[in-house]
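Note that these values count all heavy atoms, side chains included, but never hydrogens, waters or copies made by symmetry. Numbers here simply count residues along the sequence, with the first being 1.
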Amino acid sequence: MDFTLTDDQRAIEDAARAFAAAELAPHSARWDAESHFPVDVLKTAAEMGFAGLYVQEDVGGSALSRLDASIVFEQLSYGDVSTAAFISIHNMASWMIDRFGADELRRRYLPKLTTMELIASYCLTEPGSGSDAAALKTTARLDGDHYVLNGSKAFISGAGTSDVYVVMVRTGGPGAKGVSAVVVENGTPGLSFGGQEKKMGWKSQPTAQVNFDDCRVPVENRIGAEGEGFRFAMAGLDGGRINIASCSLGGAGLALDTAKAHLETRNQFGNPLKDFQGLQWRLADMATDLEAARLMVRRAANALDNRDPQATKYCAMAKRLATDTGFDVANQALQLHGGYGYLAEFGVEKIVRDLRVHQILEGTNEIMRLIVARSLVGR
């Protein structure tokens, strides 16, 4: 095993780090305070190739590996966790169209998605079905050459602003085999949005309910065959879990560096805090835990790139470990700041707020344990 990044991967890492430092970090606190969705910056990210990271090149994508994408998201999150996480969601929705959609569907949407002329959202969760995603109730009734959609999706990032919604709907009977995936454009009659949610973190991206009331969508907007939507959604989540794990690494890395800088400048009992051995050991454990999580994330990305039959298990392991570790490291960094860590101007409390949701979305960490457990002992 070679843990060294290639020259190309180093170049990708450097480019993402420079973009995050120039375009994300200087504005992160303001975006959070104002709940501002930086669409202009998202489009600048698209110019760097970050909006179609693993979309094929014939429709404008970068055709990178999942490992490459993980490197990008870790660096972007060092600049701003919330914005980087939304770029991940956009990539996941675009990839589903690219990987499973008909060529006509790909060519209709992806050239504009990879430039972020169109922005995409992923719609699986519903008010009554979160972890039990296969129980979704949003229906799509066939009526001639259209589906008629009725139902609601909850906690949708980008809702109301995004141009394209990749929506999992029920076209058949109960359970996973009755689920299909369709692309719904903003502005379609019958599509509406709830009020913006007031959230603990992730404030640089809008979040709202998406509602369908006799919303007519052309059959040609279906991704793949009927009944395949749940499988497509789960495949998308494998990659999404690697991405959100990588975002946790980036945010926690910033928190660790911020804590280290604080210990170097803060004096107590006549000495800099960095000279206290107990605090040195704490930093050492935080750095070690992050490195272990990073190795697990890259192991999972490698498995997905190589279509390892155990990739889903490794992605679940990586997501659980990295998001738990990332939140713990950020929380410890806040503690190392003492009272200052609780103040917005020091930036650590924002990282804690942004990372907390990573333990919930893309499948809760309890569900990640369930996936791993089933691979070990069966259902």
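Leu124 and Val164 fall within the same hydrophobic cluster, where Ile, Leu, Val, Met, Phe, Trp and Tyr residues are linked whenever their side-chain heavy atoms come under 4.5 Å apart, directly or through other members. Under the 4.5 Å side-chain heavy-atom criterion for Ile, Leu, Val, Met, Phe, Trp and Tyr, Leu136 and Val182 are members of distinct hydrophobic clusters. Under the 4.5 Å side-chain heavy-atom criterion for Ile, Leu, Val, Met, Phe, Trp and Tyr, Ile87 and Phe19 are members of the same hydrophobic cluster. A single hydrophobic cluster is seen to contain both Tyr54 and Phe86, as judged by linkage of ILVMFWY side chains at heavy-atom distances under 4.5 Å, directly or through other members. Transitive grouping of hydrophobic side chains (ILVMFWY, heavy atoms separated by less than 4.5 Å) keeps Val167 and Leu113 in distinct clusters.
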Evaluate ring pair (Phe, Tyr, Trp, His ring centres under 6.0 Å) for Tyr165 paired with Tyr122, printing each intermediate quantity in order. CA-CA 6 Å; Tyr165 298 85; Tyr122 174 92; over 10 Å; no

Would you please test Lys260 and Asp257 for salt bridge (Lys or Arg N to Asp or Glu O under 4.0 Å) and show each step? CA-CA 5 Å; Lys260 179 175 175 291; Asp257 288 347; over 6 Å; no

I'd like to know whether Asn243 forms a side chain to side chain donor-acceptor pair (under 3.5 Å) with Asn91, so could you lay out the CA-CA distance, the side-chain angles of the two residues, the decisive distance to 0.1 Å, and finally the verdict. CA-CA 10 Å; Asn243 293 349; Asn91 271 272; over 6 Å; no

Salt bridge (Lys or Arg N to Asp or Glu O under 4.0 Å) between Asp58 and Arg106, intermediate numbers included: CA-CA 10 Å; Asp58 68 320; Arg106 293 178 64 249; 2.8 Å; yes

Are Phe100 and Trp95 close enough, and set up right, to give a ring pair (Phe, Tyr, Trp, His ring centres under 6.0 Å), and what steps lead you there? CA-CA 8 Å; Phe100 301 112; Trp95 175 81; 5.5 Å; yes

Would Gln209 and Asn211 count as a side chain to side chain donor-acceptor pair (under 3.5 Å) if you check the C-alpha gap in whole Å, the side-chain angles of each, and the deciding distance to 0.1 Å? CA-CA 6 Å; Gln209 190 163 298; Asn211 304 309; 3.0 Å; yes

Apply side chain to side chain donor-acceptor pair (under 3.5 Å) to Asn267 and Asn271, showing your working. CA-CA 5 Å; Asn267 290 296; Asn271 291 291; over 6 Å; no

Verify side-chain contact (heavy atoms from CB on, under 4.5 Å) between Thr161 and Gln205, making sure each step is shown before the conclusion. CA-CA 9 Å; Thr161 300; Gln205 51 171 290; over 6 Å; no

Working note: Arg294 + Glu74, criterion salt bridge (Lys or Arg N to Asp or Glu O under 4.0 Å); need CA distance, chi angles, decisive distance, verdict. CA-CA 9 Å; Arg294 181 177 296 108; Glu74 181 173 351; 2.7 Å; yes

Using the rule given for side chain to side chain donor-acceptor pair (under 3.5 Å), can you reason through Tyr109 versus Asp98, listing the C-alpha separation, both sets of side-chain angles and the distance that settles it, and then say yes or no? CA-CA 9 Å; Tyr109 288 112; Asp98 184 47; over 6 Å; no

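Here the side chain of Asp2 pairs a donor or acceptor atom with the backbone of Thr4 at under 3.5 angstrom. Between the Thr188 side chain and the Leu191 main chain, no donor and acceptor come within less than 3.5 Å of each other. The closest donor-acceptor contact from the side chain of Thr325 to the backbone of Ala293 lies at 3.5 Å or more, if one exists at all. Panel note: side chain Thr265, backbone Ala261; a donor-acceptor pair is recorded below 3.5 Å. Side chain of Thr114 to backbone of Leu110: a donor-acceptor contact under 3.5 angstrom is found. Of the possible polar contacts, one joining the Asn150 side chain to the Asp214 backbone as a donor-acceptor pair under 3.5 Å is found. Here the side chain of Asn306 pairs a donor or acceptor atom with the backbone of Asn302 at under 3.5 angstrom. Side-chain atoms of Arg222 do not come within 3.5 Å of backbone N or O of Ser180 as any donor-acceptor pair. Checking side-chain atoms of Thr115 against main-chain N and O of Lys112 turns up a donor-acceptor pair under 3.5 Å. With Ser62 contributing its side chain and Leu64 its backbone, the two residues share no donor-acceptor pair below 3.5 Å.
For the side chain to side chain donor-acceptor pair (under 3.5 Å) test with Thr207, the passing option among Lys198, Gln196, Glu197, Lys199 is Lys199; the others fail.
Between the CD1 atom of Ile367 and the CD1 atom of Ile371 there is a distance of 7.0 Å, given to the nearest 0.5 Å. For the atom pair Asp354 CG and Glu349 CD, the distance stands at 9.0 Å (nearest 0.5 Å). For the atom pair Arg170 CZ and Lys137 NZ, the distance stands at 7.5 Å (nearest 0.5 Å). To the nearest 0.5 angstrom, Asn365 atom CG is 9.5 Å from Leu321 atom CG. Note that CG of Asp163 and CE of Met116 are 10.0 Å apart. Values are rounded to the nearest 0.5 Å. Distance check: Lys313 NZ to Met368 CE gives 14.5 Å after rounding to the nearest 0.5 Å.
Hydrophobic cluster of Ile242: the remaining members, joined at side-chain heavy-atom separations below 4.5 Å, are Leu249, Leu256, Leu263, Phe269, Leu273, Phe276, Leu279, Leu283, Met286, Leu290, Val297, Leu304, Val329, Leu336, listed by chain and number.
Here the side chains of Pro38 and Thr83 are in contact, with some heavy-atom distance below 4.5 Å. Side-chain contact between Arg30 and Ser28 is absent, with no heavy atoms from C-beta onward closer than 4.5 Å.
Using a 4.0 Å cut-off between charged side-chain N and carboxylate O, Arg216 and Asp143 make a salt bridge. By the 4.0 Å N-to-carboxylate-O rule, Glu126 lies close enough to Lys153 to be salt-bridged with it. Salt bridge absent: Arg66 and Asp238 never bring a charged side-chain N and a carboxylate O closer than 4.0 Å. Taking the charged nitrogens against the carboxylate oxygens, Arg107 and Asp103 do have a contact shorter than 4.0 Å, which makes a salt bridge. For the pair Glu13 and Arg17, the salt-bridge criterion is met [side-chain N within less than 4.0 Å of a carboxylate O]. Salt bridge Arg10/Asp7: absent, no basic N to carboxylate O contact under 4.0 Å.
Taking all atoms of both residues into account, the shortest heavy-atom contact from His358 to Ile244 is ND1-O, 3.5 Å. Taking each heavy atom of Ser157 and Ser121 in turn, the nearest pair found is O-OG, 2.6 Å. Nearest heavy-atom pair, Ser248 versus Thr323, reported as atom, atom and distance to 0.1 Å: OG-CG2, 3.5 Å. Shown here for Ala245 and Ala322, the closest heavy-atom pair between the two residues is CB-CB, 3.6 Å. Residues Leu105 and Asn221 share a closest heavy-atom pair of CD1-CA, 3.9 Å. Scanning all heavy atoms of the two residues, the minimum distance from Gln56 to Ala63 falls at CA-CB, 4.5 Å.
Using the six-membered ring where Trp is involved, His337 and His262 have ring planes that are parallel, under 30° apart on the 30 and 60° scheme.
Counted by atom type alone, Arg141 and Tyr147 present zero donor-acceptor pairs between their side chains at under 3.5 Å. A donor-acceptor contact closer than 3.5 angstrom links the side chains of Ser65 and Asp68.
With ring centers used as reference points, Phe73 lies 6.0 Å or more from Phe50.
The side-chain hydrogen bond (donor to acceptor under 3.5 Å, both in side chains) pairs that include a residue from residues 280-289 are Arg282-Gln332, where partners are two or more places apart or lie in different chains.
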